[in-house]
Structures are given as structure tokens and as C-alpha cells.
Enquirer: 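For reference, the structure I am asking about is given below.
What you see below is based on every heavy atom in this structure, not just the backbone, and it leaves out hydrogens, waters and symmetry mates.
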Amino acid sequence: MKFEKAKELLRKGWCKGTMFRDAQGRQCREPEAVSYCLLGALSAAGITVDSRYYRLLSAETVCDGFAGFNDRQESIEPVLDMVDRMASL
């Protein structure tokens, strides 16, 4: 259920470069957020990112963590796919 919430938040608004952005596109805190990066959506959905998820990310991608993975994507689809893979663990 929490992973579905994370995907819902990402579909509502996906961003790069920061965990959360407000309606004006500025970096903000979670309560004002209208868009989320991967890590921001996971956090807002109440998901604790532990070593299982970091291992999955490092095994599947070459990047510098969740922020690096998120920010390198050209579209939201790989980000949503990563949430699905995390949910399957």
C-alpha cells in the first residue's frame, strides 16, 4: 500500500534536483510539495529506505544513489518501475 502511495505521489508530480517542489517549482518541505523525486515520494509515503533498496538500486543501475538515479531519467517510467521492483522485495 505504501508503495502505491509513492507511485501516486510521483504521478501527481515528478521532479528532479530536490526531494520536493512547490506549485511554483521551488524547493520546499514535504507539506508544501506538489512534486516529488523518487526519494521524496518514498519518504512522503512512509517508506523507510533500507539496505535492501540500496542493494537493488546499485545492482540495477550505475549511479550515485536514489537522487542520482532519479535525476538521470528522461521520463518518469523508470522511476515508477524502480518503485515496483522495490515493492517486490
Enquirer: Return the set of residues passing side-chain hydrogen bond (donor to acceptor under 3.5 Å, both in side chains) with S88 (not counting sequence neighbours), or none when no residue passes.
Expert: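 Residues passing side-chain hydrogen bond (donor to acceptor under 3.5 Å, both in side chains) with S88: none at all.
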Enquirer: Without placing hydrogens or testing angles, list every side-chain donor-acceptor pair under 3.5 Å for residues 5-12, not counting sequence neighbours.
Expert:
unit_1	atom_1	unit_2	atom_2	d
K7	NZ	D84	OD1	2.7
K7	NZ	D84	OD2	3.3

Enquirer: Please enumerate all residues that pass salt bridge (charged side-chain N to carboxylate O under 4.0 Å, His left out) together with R85, with sequence neighbours excluded.
Expert: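 Here the qualifying residues are E60, D81.
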Enquirer: Run the side-chain contact (heavy atoms from CB on, under 4.5 Å) test against Q24 and tell me which residues pass, sequence neighbours left out.
Expert: D22, R26
Enquirer: Please determine whether side-chain contact (heavy atoms from CB on, under 4.5 Å) holds for the pair R21 and V34, giving the CA-CA distance in whole Å, both sets of side-chain angles, and the decisive distance to 0.1 Å.
Expert: CA-CA 6 Å; R21 291 198 185 276; V34 298; 5.7 Å; no
Enquirer: Taking the side chain as everything from C-beta on, heavy atoms only, tell me whether M82 gets closer than 4.5 Å to N70.
Expert: no
Enquirer: Does anything in residues 34-47 form a salt bridge (charged side-chain N to carboxylate O under 4.0 Å, His left out)? List the pairs, not counting sequence neighbours.
Expert: none
Enquirer: Scan for side chain to side chain donor-acceptor pair (under 3.5 Å) pairs involving residues 39-50, sequence neighbours excluded, and state none if there are none.
Expert: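 Side chain to side chain donor-acceptor pair (under 3.5 Å) check on residues 39-50 returns D50-R52.
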Enquirer: With clusters defined by side-chain heavy atoms of hydrophobic residues (ILVMFWY) lying less than 4.5 Å apart, directly or transitively, does M1 cluster with L38?
Expert: no
Enquirer: Which residue pairs pass the salt bridge (charged side-chain N to carboxylate O under 4.0 Å, His left out) test when at least one of the two sits in residues 27-43, sequence neighbours left out?
Expert: none
Enquirer: Kindly state whether the ring of Y53 and the ring of F66 have centres lying under 6.0 angstrom apart.
Expert: no
Enquirer: Once you round to the nearest 0.5 Å, how far does CG of L80 lie from CH2 of W14?
Expert: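 So the gap between those two atoms works out to 9.0 Å.
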Enquirer: Pairs in or reaching into residues 16-38: which pass ring pair (Phe, Tyr, Trp, His ring centres under 6.0 Å), with residues at least two apart or in two chains?
Expert: F20-Y36
Enquirer: Return the set of residues passing side-chain hydrogen bond (donor to acceptor under 3.5 Å, both in side chains) with E77 (not counting sequence neighbours), or none when no residue passes.
Expert: S75
Enquirer: Please enumerate all residues that pass side-chain contact (heavy atoms from CB on, under 4.5 Å) together with K2, with sequence neighbours excluded.
Expert: I47
